[in-house]
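Counting convention: from 1, in listed order, for ligands and their atoms alike.
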Amino acid sequence: MTTVLGLIGVGRIGVMHARTIQALADDGVELILADVDVARARQVSAELGCRVAEDVDALFAAAPDGVVIAVGTPQHAPLILRAAQAGIPAFCEKPVAESTEASVAVLEAIARHGATVQIGHQRRLDPGHLAARQALQRGELGWLHTIRAITADMAPPSVEFLATSGGLFRDCSVHDFDSIQWLTGQRIVEVYARGSNNGDPAIGGVGDVDTAVALATLEDGTVATVSATRYNGGGHDVRLELQGSAGTVQVGLDDSYAGRSAELGVDFPAGPAHQTFHERFAEAYHHEMRAFLELVRGQRENPCPPGEAVDASRVADAAQESLETGRPVRVRR
Ligand SMILES: NC(=O)c1ccc[n+]([C@@H]2O[C@H](COP(=O)([O-])OP(=O)(O)OC[C@H]3O[C@@H](n4cnc5c(N)ncnc54)[C@H](O)[C@@H]3O)[C@@H](O)[C@H]2O)c1
């Protein structure tokens with residue numbers, strides 16, 4: 001039986017999800033897409049050879065089995081609610097809503113409707129992150145004492161985007177906060193953050209920083225550093241190191257690592273380095289859309305429930321507050 005997936009928003013990430021879904025055609029998946037920019041929607045549908053809806057109303061009228069919401073953040077909440085009211089399972093890019101308060105209202109509505117919503121923290125479907133989690137759960141690392149997470153973009157996005165992104169912690173590090181909580185099964189309880197702004201002054205002009213580090217403390221006292229920058233000219237770098245009493249694993253340490261060894265005679269990594277998040281997480285994004293398909297078909301558990309995604313946003317809020325106040329901040333729950 002064919003599963004029809006509707007996709008709303010074919011921008012930077014939406015077009016990638018559209019391609020991934022279209023690649024599932026042999027698995028009985030049919031894609032229909034919509035965008036407020038109708039010309040763009042038509043262009044992408046022509047490229048991919050899929051159906052296009054005139055607008056979002058028409059897309060919902062087609063009664064898809066699931067919807068993928070890949071529009072900008074302000075439209076997440078209304079579209080999640082619309083899918084919930086229609087009884088259609090939804091996948092939505094992070095974050096759930098523009099603010100944590102608004103996200104909590106969305107969570108309540110999701111619960112009221114008994115709706116199925118998967119949030120786009122793709123690292124939960126990334127083979128490296130999954131292997132690290134398994135190593136930790138099997139006790140192969142002994143007891144965990146230190147976590148080091150890095151998310152480094154090659155170059156900043158537009159200042160217009162940064163002005164509405166909520167800041168580096170909410171835009172980038174939220175993925176690390178989610179990974180850490182998901183990997184360890186523990187909550188981050190306190191964050192102390194510092195940031196700097198030595199790149200484009202326009203970034204400071206919109207109240208953001210281009211580089212930041214958060215020291216996060218987990219429930220059992222384990223410490224984690226979460227580091228992010230918009231300026232890693234060597235490539236897109238996402239790594240996460242779990243260091244335990246019996247061993248250490250590092251996610252993202254392969255030949256695409258966006259750095260080089262300073263040791264003489266060491267030619268690791270062989271390269272080329274990843275340039276974008278699309279490349280770095282190509283496999284994860286594929287698994288993420290397949291997971292949503294299986295969720296829609298009732299074949300698997302939800303890999304990223306909205307409540308857990310909102311909890312990571314609460315940590316990002318605390319990090320932002322710490323950055324602004326210069327003091328450690330307890331995560332409010
Ligand atoms: N998980 C990740 O790694 C990751 C990476 C990048 C972006 N994101 C998230 O994805 C979301 C989209 O980001 P982007 O960079 O692709 O944005 P974008 O601006 O490139 O694309 C958004 C698209 O949605 C369309 N759109 C806006 N409002 C709409 C509406 N009401 N109905 C239909 N279409 C509408 C726009 O015309 C545009 O084509 C953001 O919330 C962002 O946080 C997640």
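- Contact between Y285 and ligand 1 is present, with at least one heavy atom of the residue lying under 4.0 Å from the ligand.
- Counting protein heavy atoms under 4.0 angstrom from atom 34 (N) of ligand 1 gives one or more.
- Contact annotation for atom 3 (O) of ligand 1: protein present (non-hydrogen atoms, distance under 4.0 Å).
- At least one donor-acceptor pair under 3.5 Å links the side chain of N302 to the backbone N or O of V117.
- Closest to atom 39 (O) of ligand 1, if we only count protein heavy atoms, is D35 OD2, 2.6 Å.
- In this structure, D267 CG and E263 CD are separated by 13.0 Å, a value rounded to the nearest 0.5 Å.
- For atom 7 (C) of ligand 1, the nearest non-hydrogen atom from the set R12, H76, R170, E93 comes from R12.
- Within the 4.0 Å heavy-atom shell around ligand 1 one does not find R40.
- Not one N or O of D37 is nearer than 3.5 Å to an N or O of ligand 1, by distance alone.
- Judged by distance alone, the side chain of D176 and the main-chain N or O of V226 form no donor-acceptor pair under 3.5 Å.
- The ligand atoms of ligand 1 that sit less than 4.0 angstrom from a heavy atom of G120 are 1 (N).
- H129 and F281 have tilted rings, their planes meeting at an angle from 30° to 60° on a 0 to 90° scale.
- Atom SG of C50 is separated from atom CG of L5 by 11.0 Å, given to the nearest 0.5 angstrom.
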